[in-house]
Colleague: 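Take a look at this one; I'll ask things after.
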Amino acid sequence: MRCSRVLIIGASLLMLNPFSACSKSNTKNVPETKALPENKTVTQVKAVSPEVKKAKLVYSKMSGRFKNDIQFKDDAEIESFIADLNEILEEEKTFPENDVSLFYLIDKKHNIGSDYVPAELIPVKQCSLFNVSRNDLSLRKEAYDALKVLSEAALADGIKLMVSSTYRSYTYQTGLFNRYVAQDGVELAERYSARPGTSQHQLGVAVDFGSITDDWGDTKMGKWVYENAAKYGWSLSFPREYEDVTGYMWECWHFRYIGVKACRFQEKWFNNIQQYMLEFINEWNLTE
Ligand SMILES: [Zn+2]
């Protein structure tokens with residue numbers, strides 16, 4: 001769904017900047033300030049807050065498709081966005097300090113070391129809440145706790161989730177990727193499998209549900225997860241028709257735990273595209 005908001009970043013910055021050449025020449029042509037209606041004077045000298053300036057700078061670094069999809073109509077809307085962003089950044093500060101952020105950007109351009117292992121991995125075993133496809137699964141604690149909550153909600157609706165893939169070590173991902181390359185060639189393999197060090201699975205926060213095939217999305221379980229996951233903090237990582245943004249083909253079965261607030265934030269401001277939100281947060285945190 002396309003966003004209806006319209007942002008004219010450069011233009012609004014220029015119009016509201018009282019120090020721009022344009023404003024100076026306008027002022028010169030006005031004989032006396034008192035001749036201006038009071039409300040007009042206030043509008044012209046209103047300062048742009050440092051955070052709005054920063055938001056515009058970060059926005060300018062985003063991709064062309066991001067800018068086409070995500071737009072803000074004016075500075076007031078950017079301020080509203082920043083208020084929500086600050087809540088997310090406050091939440092980020094509460095994440096455990098002995099591990100990477102739950103908003104850690106990992107994709108084809110941003111990796112993590114071969115030695116990275118989540119600080120606390122919890123085994124994911126067959127239980128009354130969910131089924132598992134194998135006995136050696138595990139998740140980072142926050143994701144494990146959230147999986148239980150999601151599973152309870154699914155059970156209440158008569159669905160027992162099937163957990164098929166969870167944390168994968170760098171070494172495991174290496175073997176998996178090499179197997180897919182041998183099977184399909186590197187070009188095709190890269191469209192559906194991450195190179196080692198670039199997989200959300202190495203972070204221990206991603207789950208593949210069900211059969212790990214496209215038709216799972218049409219099953220009762222697949223539809224339930226698609227419609228309800230975000231309420232419990234799980235976000236679809238690789239949506240349909242966003243391969244040029246995420247780097248991967250549509251994967252109806254792959255969900256990343258980012259928390260309930262971030263899911264709402266992503267839906268409200270980023271067209272529900274996880275990659276857009278994580279890229280923006282990453283750039284925001286890197287910008288002074
Ligand atoms: Zn996956």
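Atoms within each ligand, like the ligands themselves, are counted from 1 in listed order. Atom set for the values below is all heavy atoms of this structure, side chains included, hydrogens, waters and symmetry mates excluded.
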Colleague: Closer than 2.8 Å to the Zn ion (ligand 1), what protein N/O/S atoms do you find?
Modeller: His201 NE2, Asp208 OD1, Asp208 OD2, His254 ND1

Colleague: So that I know where these two stand, are Tyr276 and Phe270 an aromatic pair - ring centroids less than 6.0 Å apart?
Modeller: no

Colleague: Do Glu279 and Gln274 have a side chain donor and acceptor closer than 3.5 Å?
Modeller: no

Colleague: Check the side chains of Gln266 and Asn272 for a donor-acceptor pair under 3.5 angstrom, ignoring hydrogens and angles.
Modeller: yes

Colleague: Glu187: which residues meet the side chain to side chain contact (heavy atoms under 4.5 Å, CB included) condition with it, sequence neighbours left out?
Modeller: none

Colleague: Can you sort out the partners of Pro123 under side chain to side chain contact (heavy atoms under 4.5 Å, CB included), two or more places apart, ordered by chain and number?
Modeller: Lys125

Colleague: List the residues meeting side chain to side chain contact (heavy atoms under 4.5 Å, CB included) with Val149, not counting sequence neighbours, and say none if there are none.
Modeller: Tyr232

